[in-house]
Amino acid sequence: MILGLYNYWVVVVLMMTGFYIVIAQGNLIKKIVGLNIFQTSVFILYISMAKVEGGSAPILTDGISQYSNPLPHVLILTAIVVGIATTSLGLALAVRIKEAYGSIEEDEIQDRDNKEC
Amino acid sequence: MLVQHLPVLQVIVPLMAAPACLMLRRSSLAWLFSLIVSGTTFLISAVLLQQVMTSGTIIYELGGWSAPWGIEYRIDELNSYLLLIISAISTVILLAAHTSIEKEIPKDRHTFFYVLYLLSLAGMLGIVATGDAFNVFVFLEISSLSAYSLISLGKDRRSLWASYQYLIMGTIGATFILIGIGLMYQMTGTLNMEDLAKRLPEVAHTRTVFAAFAFFIVGVCLKLALFPLHLWMPNAYAYAPSIVTAFFAATSTKVAIYLLIRFTFSIFGLSFSFTTLPLQTIFLTLGLLGIFSASIAAIYQKNVKHLLAYSSVAQIGYMIVGYSISTTAGLMATLLHLFNHALMKGALFLALGAVMFRIGSTQLRDFQGLGRQMPITMAAIVVGGLSLIGVPLTVGFISKWYLVLAAIENGWWPIAALILLGSLLAIVYVWRIVEAAYFKEPSIDREPIKEAPLTFLVPVWILVTANIYFGVDTRLSVQVAQAASQSLFGVSP
Amino acid sequence: MKDLFAVVMLLGIYGLLSASFFVSMDAVDVAFTEASVGAGISTLLMLTTITMVGRYEHAARHKPTLALAVILITGALLIYGTLDMPYFGSPHAPANLHVAPQYLNDAVPGLNNSKQEVGVPNVVTAVLASYRGFDTFGEAAVIFTAGVGVLALLSVVRRPEEDAEIDAINDSMHQQHLILRIVIKILIPFIFLFALYVQFHGDYGPGGGFQAGVIFAVAIILYAMLFGLSTARRVINQSLIQILAAVGVLIYGSVGLVSILNGGNFLDYSALSSDPVAGQHLGILVIELGVGITVTSVMLIIFFNFAGRRENRRVSGSVTGNNSKNSSATKAAR
C-alpha cells in the first residue's frame, strides 16, 4: 500500500510547505511564493491521478494502445493559467502597497494602519 | 429560436461585452454600454425564471456535447432565482455608477472599472448557471480576480492592503475548492454535477470523499465570510469604492451560499452531508457566533461602512443558521434572506455612496446633522436600517419571520430566541447612525450640503421601495424560494 | 532566507522541476505550459517586482504556532484522504474508466466502433478546445481579467518630457550589452517561428494557444529588455496591445456565436461546416488563435506595465513617502 500511495504523501508534504509559507510569513512577496508552491503541488496531485501504469502521453499514435488520462491535463492547463493570473495581480498589489506604505512586511503595514486610526 | 440559447447568453453577453468595453475610452460611453448589457442580463434572467417556474429545469449542452463528456448548463428554480437577484442588483447599482466613481476613481481608470465590473458580473452569473464542477472553479476565479482588482481601486491606500489580504485568503479558498473537486473526480471519474450526484453514493464511505467534502466546505466558507473565516470582509468592503461595495455586499456572498447549498444538497446529498460531519451543529454554532460577534463589533465601529460590513457578516450568520435547520422551511428562510439581504444591503451601501459623494467621508462623526441636510438619502438609510432590524412591512421582517418559524417548527426554541436577540443588537447599531444623523449637530462647520444627485436617489429609492414592496407582497420571493427549497429536498436521497 | 532574489530563483527551479516531473507523468502539454508560464513568466514578473519592492526581507518576529497547527490539521486530513485513493498509476481507477476512454477512442478513425468526432490526435487539445471548450473560454477571460487588473493597478500616464530622460538612461545602459543584443537580434525571428509552430501544430503534438502565446510574448520581452522599453514601445503600440487582448477573447466568443447562428449550440464546431469533423478542425484552429492572441497581448501588457512603473519611479525621484494616502499613479503622473 505504501508503494502505491507514497507518491501522494510527498505531494501532501509539498502542499503543506506552500500553505505554511502563505500563512506564517510576513513578507508579501514570500506569501505569493508560498501560494505558488501550494498551487503547483495541487497540480502535481492532479497529474499523478492521471498517470496510467505503462501508458504514454495522450497523443494518439499508431502502435500505442495504452494512454494516460487526458482529462486532468486539461484541468491543470486551465489551473496553471489561473495561477499565473493570480500571481501577477498579487505582485502588482505588492508594488502598489510598497509605494503607498513604504514597506512590504505585514506587521509594519498593520502598524502603520493602526497608528492612523 | 433565440429563446433556447438563453442559458448561455445569460453568461456570454456580459463576458463578451467586457473586452468590447475595453475599447470604449470615454467614461460615459463605457457606463452606458455596461448599463445596457446589465439590463439585458436582467431581462434574460427574468425570462429564464419564468420558463423554469412553468416548465421545469432547463438543460443546455455547450459545444453540442452531452454531459458528462461536455459541459452543460442546468437551470432550475434555485439557479434562476439567484440569476435574477444578481442581474437585477447589478443593473440598479450601475445607474449610480457614473456619478459615484467620478469622485472616487481617477478618470483614466474609469474604463477599466467598467470592464472589471462586467467581468465580475459574468463570473458570478457563470458560477450560478453551470452544471459542471470545474466550470464553477473557472468562473469563480474570474469573479474573484475582478473583485480583487475592483476593490483595489479605492481611494484610501488601505484598499490595497485589504485587496491583497482578500487575494491571499480567496486564493487559498479557491485552491481548497480545487482540491475538493480533484478528489471527487478521482473517486468518480466525472465532473458533471448530475453525474457526480449519481456516482458519489457508491464511494461515499471512502475517506477520500470525506476529505473532498471537508476541503470543499472549508473553501466555500472562506468565500462565504463565515465566522471565523470572515476576516477579509470588513476591510475589503469598507475601503473599496462605494459602487463596488454595494455590488459585492449584495451579491458575492450569496453566490458562495448558493455553492454551499448546491453541493451539499444536490451533489453530496442531504444524508451524506449532514451525517459524515456534524455539519448541522458546526454551522449552527458558527452561524450564531457570527451573528453575535459581528453585531457586537458593528456597534463599536466608528466608520459606517465598517459598521455595515460587520452587519453583513451577521446577516450571513442568519442565513447559515437557516441552512443548518435543514428542513424545507429552514432552507426556504435562507433563500428568502438571500433575496432580502441583497435588497437591504444594496440600498444601504448605495445610499452610503451618495453620502460619500457629497461629504467625502463615511465616518460616523461626519454623519452628524446629515438628517436635515440630506433628508431623502438619510430616509433611505433609515428604511434600510429598519429592514435590517426586521420591522414589519420591510423585507427584513419577512426573512426573520420565516427563520423563526422554521426554528420553532423544528422544536429549536432557544435558537428562535437567539435570532430575536440578534435583532435587538441590530437596533443598537442602526440607532447609532440614526442618532448621529438626526439628533446631533454637525460637528464641523462646513458649507451646506446639497441632497444627493438624482442618479443616486433613483436607484437607492428603487431598492428601498423594493424593500417595502416585497415586504408587503411576498408572493414572488416566497413562491420561488419555496419551489427551490422543495425541489432541492426532493432531489437529494 | 532573507534574500528574495534567491527565493525567486528557487521558485523558478521548482517550476522547472515540476515541469520535468510532468513529462515523466506523460503530461507533455502541461509540462510545456508549466515550463513556459511557471518557470518563465512567473520568475520574470517576480524579479521585476523585487527590483521595485526591495531585495531583502526585514526580520520579523512572529510565533508560528497557530500556522503550524493549521497545516498539521490540513496535512493530516489530506493524508487521511489519500488512504482510500486508487493506487498511483492504476488503470482501473474510476477516473480512468468513466469519461476519459471516450475521449481517447474518438480521434482514431475506424478503431473498433468508435466514430471520429473531433479527429485530432492530441487528445488534450481535443478535450481542451472542443469537449470542454467553454472552460477554455473562461480561462481566456481569466487571463484577460488579470491583464485589465494589472492595467488598473499599475498603468502610468507617460509624459513626453520623461521619455527623453528615460531614453538617455536606457541607451547608456544597453551599450554595455553588445554581445547579447546581437545574439538576441538573430534569435528573435526563430523564436517567433517556433511560437507559430507551437500554435498551429498543437493539434498533432504538444502545444496550442497558451504555450504559443507565452513564447511569442517572451520574444518581444527579450527585445524590450535589451533594447529599452521605449524602443519596444515604438515597435509595439500600447493601445494596440490592449485592443488585441480584447480581440482575442472576442474571436473566441464569435466562433461560438457563429455556431449558434448556424443552428448548433454555443461553441458547437460541427455546425461550422458541412462536414462535422472539418468543422471541428476549423473551430479548434480559430479559437486557439484567439487564445494565442489574448495570451500574448496580456503577457505583454503585464510586463510593460510592471517595467513601465519601475521606469517611472526612477525618473520621478525617490519612492513616495510613508505618509502618502493617495493613489500613487496620480502622484507619479503629475
Side-chain angles (χ1 to χ4, degrees), chain B residues 5 8-9 12 15-16 18-20 22-23 60-65 68-71 106 108-109 112-113 115-116 119 122-123 126 132 134-135 138-139 141-142 145-146 148-150 152-153 155-157 179 183 185-191 195 199 203 206-212 214-215, chain C residues 77-78 80-86 93-100 102-103 130-135 137-139 141-142 144-146 148-153 155 157 242-243 245-250 253-254 256-257 259-260 264-271 324-327 329-330 333:
Chain B
H5 293 291
V8 79
L9 283 175
I12 294 302
L15 195 56
M16 287 183 63
L22 187 61
M23 309 203 253
Y60 187 87
E61 293 169 355
L62 285 152
W65 304 110
W69 293 280
I71 300 174
D108 55 348
R109 304 283 206 264
F112 301 143
F113 169 80
V115 174
L116 289 167
L119 282 168
D132 182 282
F134 192 72
N135 206 220
V138 175
F139 277 86
E141 284 302 297
I142 295 182
L145 286 176
S146 44
Y148 308 146
S149 315
L150 279 169
S152 72
L153 285 173
K155 262 190 346 189
D156 196 317
R157 71 178 180 177
I179 295 176
L183 292 175
Y185 173 73
Q186 194 176 24
M187 298 310 287
T188 57
T190 178
L191 290 167
D195 208 21
R199 298 179 142 242
V203 285
T206 55
R207 288 168 266 202
T208 316
V209 174
F210 173 76
F215 272 101
Chain C
L77 180 61
L78 270 174
Y80 177 72
T82 62
L83 292 175
D84 274 332
M85 277 187 194
N96 298 332
L97 288 178
H98 181 42
V99 174
Q102 167 80 355
Y103 295 147
S130 180
Y131 288 100
R132 295 191 72 93
F134 193 59
D135 262 350
F137 188 39
E139 184 185 351
V142 167
F144 177 72
T145 312
V148 178
V150 169
L151 270 175
L153 279 168
S155 65
V157 177
Q242 290 180 19
I243 296 179
V247 162
V249 180
L250 288 173
S254 317
L257 288 177
S259 306
I260 289 187
N265 275 353
F266 188 71
L267 288 181
D268 185 359
Y269 307 139
S270 320
S324 153
K325 275 197 180 188
N326 295 327
S327 147
T330 36

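In what follows, chains carry the letters A, B, and so on, assigned in the order in which the sequence lines appear, proteins first and then strands, with residues in each chain numbered from 1.
- Only the side chain of B:M23 has a heavy atom closer than 4.5 Å to any heavy atom of chain C.
- For B:L153, the part lying under 4.5 angstrom from a heavy atom of chain C is the side chain only.
- The candidate with the highest count of non-hydrogen atom pairs below 4.5 Å against chain C, out of B:L9, B:T190, B:L145, B:L183, is B:T190.
- Contacts between B:F134 and chain C at a heavy-atom distance below 4.5 Å involve backbone atoms as well as side-chain atoms.
- Taken from OG1 in C:T145 to CG in B:L150, the straight-line distance is 10.0 Å, to the nearest 0.5 Å.
- For B:V115, the part lying near chain C is the side chain, with the backbone staying farther off; criterion is any non-hydrogen pair under 4.5 Å.
- Looking at B:L22, only its side chain comes within 4.5 Å of chain C, counting heavy atoms on both sides.
- For B:T208, the parts sitting under 4.5 Å from any heavy atom of chain C are the backbone and the side chain alike.
- Residues meeting the side chain to side chain donor-acceptor pair (under 3.5 Å) test with C:D135, sequence neighbours left out: B:N135, C:R132.
- For C:L78, the parts lying under 4.5 angstrom from a heavy atom of chain B are both the backbone and the side chain.
- The CZ atom of C:F137 lies 12.0 Å from the CD1 atom of B:I71; values are rounded to the nearest 0.5 Å.
- Heavy-atom distances place the side chain of C:V249, and not its backbone, under 4.5 Å from chain B.
- Only the side chain of B:I179 comes within less than 4.5 Å of a heavy atom in chain C; its backbone stays farther off.
- Using a 4.5 Å cut-off between heavy atoms, B:T188 touches chain C through its backbone atoms (N, CA, C, O) alone.
- Judged by distance alone, with hydrogens and angles left aside, the side-chain atoms of B:Y60 form no donor-acceptor pair with the main-chain N or O of C:N265 at under 3.5 Å.
- Residue contact with chain C, scored on non-hydrogen atoms closer than 4.5 Å, involves the side chain of B:I12 exclusively.
- Of the two parts of B:F139, only the side chain, counted from C-beta on, holds a non-hydrogen atom closer than 4.5 Å to a non-hydrogen atom of chain C.
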